[in-house]
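First the proteins, then the strands, lettered A, B, ... as listed; each starts at 1.
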Amino acid sequence: MAYLLAKLPVGLIELYAVSLWIGGLVNLSYPLWWGAFRNHPPGARLSPVPVFTPFGWFGEGTFRVATLPGTFAAAAAGAAMLLAAPWVTRAVTSADAWLIRGLLGPGRLAQRVHNLELSRALAVDDSAALLRRLERNLHDGAQIRLATLAMNLGMAREKLGDGGEVPDAAAVRELVDAALRGAKEALGELRSLARGIHPPVLDNGLADALASLAADSATPVELEVSIPVRPTPAIETIAYFCAAELLANAAKHSFANKIAIRAAGQRDVLLLSVADDGAGGADPARGTGLSGLAQRAAVVDGRLTIASPPGGPTKITVELPLRA
Amino acid sequence: MNARVVIAEDSALFRAGLARLIEDHGHRVCAAVGDGGALLAAVAEHQPDIVVADIRMPPTHTDEGLRAALEIRRQHPRTGVLVLSQYIETKYTARLLEGNAAGAGYLLKERVADVAEFADALERVAAGGTALDPEVVGQLLRASRRADGLAALTARERHVLALMAEGRSNAGIADALVKDPEHLRQARAAPGRGRQPPRPRGPALPGLVAPLAPNCIDGTSMQLQILA
């Protein structure tokens, strides 16, 4: 609608540009056809011929010529119009193009669609990568441990024989011990894997889950949670994994003595921050951890803000909507 | 039999257990390595009777063990290749057995728990025979279920065929049939069944595995023809 309104004056100027081309050509041709058509006997009264100028075509004030030398003046005016025409045309068409881009081009809605497409692609990639990592962990962890365990038990069973004396009881004991060790390790691995998929404590809410994270941390953690309205499970999960990763980062890279986790619900936004008094210099460009978190937050229109000057302190804030 | 063995497996724990199992059965482990490249080098150095290789190993954790195994089958045709994996993929079976099933085997890793059977499979492959996991055979049978030849078989015949396809000897098949309680139950419930006139047999597992039935009768180890 705005474009249609703006188009009216622009269209008139465009028409003017076209008239410059046509009028210029016509004026330029005056001397040619003057000789051909104006060869009447002397004394005949002829009405003067109008000359198209940029300032007006007809009526009072129109420039008219009645003699052959006059046509040269008309031709000169035509040449000047033709020279000016490309400039005017270009100026007016680029103004029109600018209006089209500005008023008809991708607006805020289109930008939103584009952003959603990006974040959806990220979400799909993220879940595919997650499944691959899970399979890899199972394959290289619990599965191979259980296969080894079964092999140890198989060997022990073979050494036990079919009854009576056991010739090599020590070897059997050693194999059974190894199998037992393997079973415990496989259990431990499965437990941590299952917890990594979905920490059961998260079912009780983010406050409990964060408290459990804080309790597990080797570096002392000061926790402050005030979430009056419970976020949706998806948001809680994202917030939890962000907190877990940021906590692990702080413990691993920053040499911090103290870490502070704050989670606050403000109207329809959940603000989660992890701050430490460590070395600082956290950079999403190095390593995939922080950029991965930013991507994960972006999937639900969240944001990750990093304040980490070299020398510290570091404060990383994750802003998430309460419902996804 | 006293075979010389090279092991390739990236899990150190499983590798050590496997080496122990193999040595307990009187074979010699010449080398135990952790990736495909090291496997090829070890085979070139030791010229073993058999290679036991994990399919998925570093660096890509996809199928480097299988690729190394195929390379070994090309370069050292007298070295048997037994690949182990945590999954059975029909595609891998086809690649491994393409053209020739002699001296090749494909077993699930967990089969090592049946120590005696695993040792048997190892010796068979080292001697130029075949060892296919029941899971592999099951997939092949399922894949060719629509084929007429298979439909003509009784359940028991199909069971025997599956055991044959695993690469077992006649003695091994008899052993498995006797041990199988399901077979015993069937045999007791229908004692006359074995005396029924034999049904006509079409080509079994067309397109995939064609067991040569006569070999099964004369007591030699059964052979498989893999039709590529």
Report task. Check the pair B:Arg20 / A:Leu175 against side chain to side chain contact (heavy atoms under 4.5 Å, CB included), numbers first and verdict last. Result -> CA-CA 11 Å; B:Arg20 175 167 188 184; A:Leu175 284 165; 3.6 Å; yes
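- Taking 4.5 Å as the heavy-atom cut-off, none of the residues of residues 197-218 of chain A approach chain B.
- Under a cut-off of 6.0 angstrom, the local environment of NE2 in B:His61 is crowded, with over 12 non-hydrogen atoms contributed by other residues, nucleotides or ligands.
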Requested in this report: Take A:Arg145 and B:Leu13 through the test side chain to side chain contact (heavy atoms under 4.5 Å, CB included) and record every step on the way to the result.
Outcome: CA-CA 8 Å; A:Arg145 283 195 194 283; B:Leu13 216 61; 3.6 Å; yes
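- Minimum heavy-atom separation, B:Leu18 to A:Met151: N-CE, 3.5 Å.
- Heavy atoms of B:Tyr87 lying under 4.5 Å from chain A belong exclusively to its side chain.
- Of the two parts of B:Asp114, neither the backbone nor the side chain holds a non-hydrogen atom closer than 4.5 Å to a non-hydrogen atom of chain A.
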Requested in this report: Could you walk me through whether A:Lys159 and B:Asp24 pass the side chain to side chain contact (heavy atoms under 4.5 Å, CB included) test, one step at a time?
Outcome: CA-CA 10 Å; A:Lys159 285 189 196 304; B:Asp24 273 1; 2.9 Å; yes
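- Annotation: residues 116-144 of chain A contacts chain B through A:Glu135, A:Arg136, A:His139, A:Asp140, A:Gln143, A:Ile144 [non-hydrogen atoms, separation under 4.5 Å].
- Proximity to chain A is absent for every atom of B:Leu108, based on heavy atoms less than 4.5 angstrom apart.
- Atoms NZ and OG1, on B:Lys109 and A:Thr148 in that order, are 8.0 Å from each other to the nearest 0.5 Å.
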